[in-house]
Peer 1: 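Pasting a structure here, questions to come.
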Amino acid sequence: MANDNNPFKSMEEKFIEKQRAKQKGSKEPKTAGTPNRPKKPLEFKKYAKLTVILTAIFAIAIILIANLFIVKEDEYRVVRQFGEIKRIVKEPGINMKIPFIQSVTTLPKNQMTYNVSEEEINTKDKKRIIIDNYAVWKITDPAKMIANARNIVNAEARMEEFIYSVVRTELGQLDYVDIVNDENSSRGSLNDRVTERVNEFLTEGNYGIEVVDVRMKRIDLPEENEQSIYTRMISERESTAQKYLSEGDADKKRIEAETDREVQEMLALAKKEAAVIHAEGEAEAAKIYNDAFSKDPQFYNLYRTLQSYTKTIGDDTMIILPADSPYAKVLTGYLE
């Protein structure tokens with residue numbers, strides 16, 4: 001009786017009929033009067049097994065994809081197993097690690113720049129200066145770098161120590177003027193010497209890194225010495241300028257003296273040549289006069305007399321002559 005009074009019985013029957021209709025491929029709705037048929041058991045085990053297989057395949061694919069790693073051209077990939085280095089991949093491409101056991105870290109292969117901390121150094125002439133350097137470096141052997149420096153930060157710290165030591169030694173052998181003067185040949189290969197010496201220290205320590213170049217960015221003076229150094233530099237430059245001025249004045253006087261001597265020589269030679277020419281002209285004129293006056297001596301005497309008048313008689317000339325002198329008669333116009 002309890003089953004006959006169940007209000008959900010009709011709903012259960014309808015649901016069962018729909019399920020049977022779906023299994024048979026029938027699309028016609030089942031009526032309430034259709035006789036009940038035995039229910040075909042569902043193959044749950046078959047579907048469960050397929051689901052497990054697909055899930056396992058999907059999980060394996062995810063695990064494989066998650067453990068693939070790509071190596072780029074500008075990096076090293078370090079594969080570790082429980083903290084120990086198993087292999088280092090240097091060539092670019094796709095690689096795989098063991099899931100859940102191995103881990104992968106990255107190290108740069110390209111050149112890197114490191115700014116060395118400013119340090120105070122004493123020069124050969126006991127001057128205190130502050131040096132600011134930078135270094136260009138790269139990792140050449142990741143295994144050695146990890147074994148001896150552990151990481152990039154420690155590698156840069158060791159490199160900085162070596163750079164400071166070498167720079168202090170090299171600059172300690174130079175005077176301050178030689179350091180700040182770029183044109184001085186004694187400093188010409190300083191950067192090369194520092195780079196070479198630092199690489200020797202890194203090779204001896206098996207750090208697996210190489211310094212490509214070490215350069216000075218700036219050279220400063222301590223604040224307490226800056227003004228005194230500037231004053232000294234100004235004094236030295238003024239002394240040098242005065243030396244150049246003195247040398248210039250000496251050269252000027254020497255050139256003027258040489259020029260005056262050459263001018264005097266040229267004038268003397270010109271006067272000599274002029275005197276010779278003048279003498280030759282006088283001789284030639286005298287010869288012409290003699291030839292001309294020898295033809296008429298009286299005319300010559302008259303001409304010479306008239307020339308003497310022009311030389312002896314002027315506006316203020318007073319001449320006292322006897323009244324009976326021929327000259328006085330000529331002047332007074334008395335002629336016989």
Side-chain angles (χ1 to χ4, degrees), residues 69-93 95 97 102-124 127-174 176 178-180 182 187-223:
F69 61 92
I70 299 174
V71 181
K72 298 180 181 179
E73 294 182 354
D74 60 346
E75 65 183 10
Y76 300 107
R77 286 300 186 101
V78 182
V79 180
R80 301 172 185 265
Q81 184 170 324
F82 302 114
E84 181 182 357
I85 299 176
K86 300 302 293 184
R87 59 193 173 100
I88 297 175
V89 183
K90 300 180 180 180
E91 298 299 328
N95 295 267
K97 65 181 181 66
Q102 294 181 342
S103 60
V104 180
T105 56
T106 304
L107 291 175
K109 185 189 292 186
N110 56 330
Q111 294 183 357
M112 295 169 284
T113 302
Y114 178 71
N115 291 318
V116 183
S117 302
E118 295 182 359
E119 296 291 346
E120 188 172 306
I121 295 175
N122 293 326
T123 62
K124 183 179 179 181
K127 297 294 188 302
R128 294 165 55 198
I129 59 176
I130 298 175
I131 300 297
D132 187 7
N133 297 326
Y134 75 91
V136 179
W137 68 287
K138 63 181 179 179
I139 300 174
T140 56
D141 193 330
K144 291 182 180 180
M145 194 276 290
I146 295 173
N148 295 283
R150 307 298 299 174
N151 52 45
I152 292 179
V153 176
N154 293 336
E156 290 178 337
R158 296 299 298 162
M159 179 178 62
E160 181 175 359
E161 293 178 4
F162 294 145
I163 291 174
Y164 171 68
S165 176
V166 175
V167 170
R168 181 179 59 185
T169 302
E170 292 291 337
L171 296 186
Q173 301 174 3
L174 299 175
Y176 175 75
D178 296 334
I179 296 174
V180 299
D182 293 335
R187 186 194 158 183
S189 59
L190 175 61
N191 295 324
D192 296 336
R193 295 199 304 270
V194 171
T195 302
E196 181 179 357
R197 188 59 181 154
V198 170
N199 281 325
E200 290 178 0
F201 287 137
L202 293 173
T203 302
E204 292 175 0
N206 290 324
Y207 287 102
I209 62 176
E210 178 187 356
V211 175
V212 179
D213 194 11
V214 177
R215 294 286 173 177
M216 291 185 186
K217 293 193 298 184
R218 187 178 58 185
I219 300 176
D220 289 335
L221 295 170
E223 294 182 0

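Position 1 is the first residue of the sequence; numbering continues from there.
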Peer 1: Could you pull out the closest heavy-atom pair between Pro142 and Leu107, with the gap in Å?
Peer 2: CB-CD1, 3.8 Å
Peer 1: I'd like to know whether NZ of Lys109 has more than 12 heavy-atom contacts from other residues, nucleotides or ligands below 6.0 angstrom.
Peer 2: yes
Peer 1: Does NZ or CZ of Arg197 come closer than 6.0 Å to the centre of the six-membered ring of Phe201, within 45° of the ring's axis?
Peer 2: yes
Peer 1: Output yes when Lys86 and Glu84 qualify as a salt bridge under the 4.0 Å nitrogen-oxygen rule, no when they do not.
Peer 2: no
Peer 1: Out of Arg87, Gln81, Arg80, Lys97, which residue meets the side-chain hydrogen bond (donor to acceptor under 3.5 Å, both in side chains) rule with Gln102?
Peer 2: Gln81
Peer 1: Quick one: closest heavy-atom pair of Leu174 and Thr123, and the distance?
Peer 2: O-CB, 3.5 Å
Peer 1: What residues form a side-chain hydrogen bond (donor to acceptor under 3.5 Å, both in side chains) with Asp220, not counting sequence neighbours?
Peer 2: Arg218
Peer 1: Heavy atoms only: give me the nearest Lys72-Pro92 pair and the separation to one decimal.
Peer 2: C-CB, 4.1 Å
Peer 1: Can Glu120 and Arg128 be counted as an ion pair, charged N to O under 4.0 angstrom?
Peer 2: yes
Peer 1: May I ask you to check whether over 12 heavy atoms, not counting those of Glu196, lie within 6.0 Å of atom CD?
Peer 2: no
Peer 1: Enter the distance from Asn95:CG to Phe69:CZ here, rounded to the nearest 0.5 Å.
Peer 2: 4.5 Å
Peer 1: For Tyr134, does the six-membered ring have the charged nitrogen or CZ of Lys217 within the cation-pi criterion, i.e. under 6.0 angstrom from the centroid and within 45° of the normal?
Peer 2: no
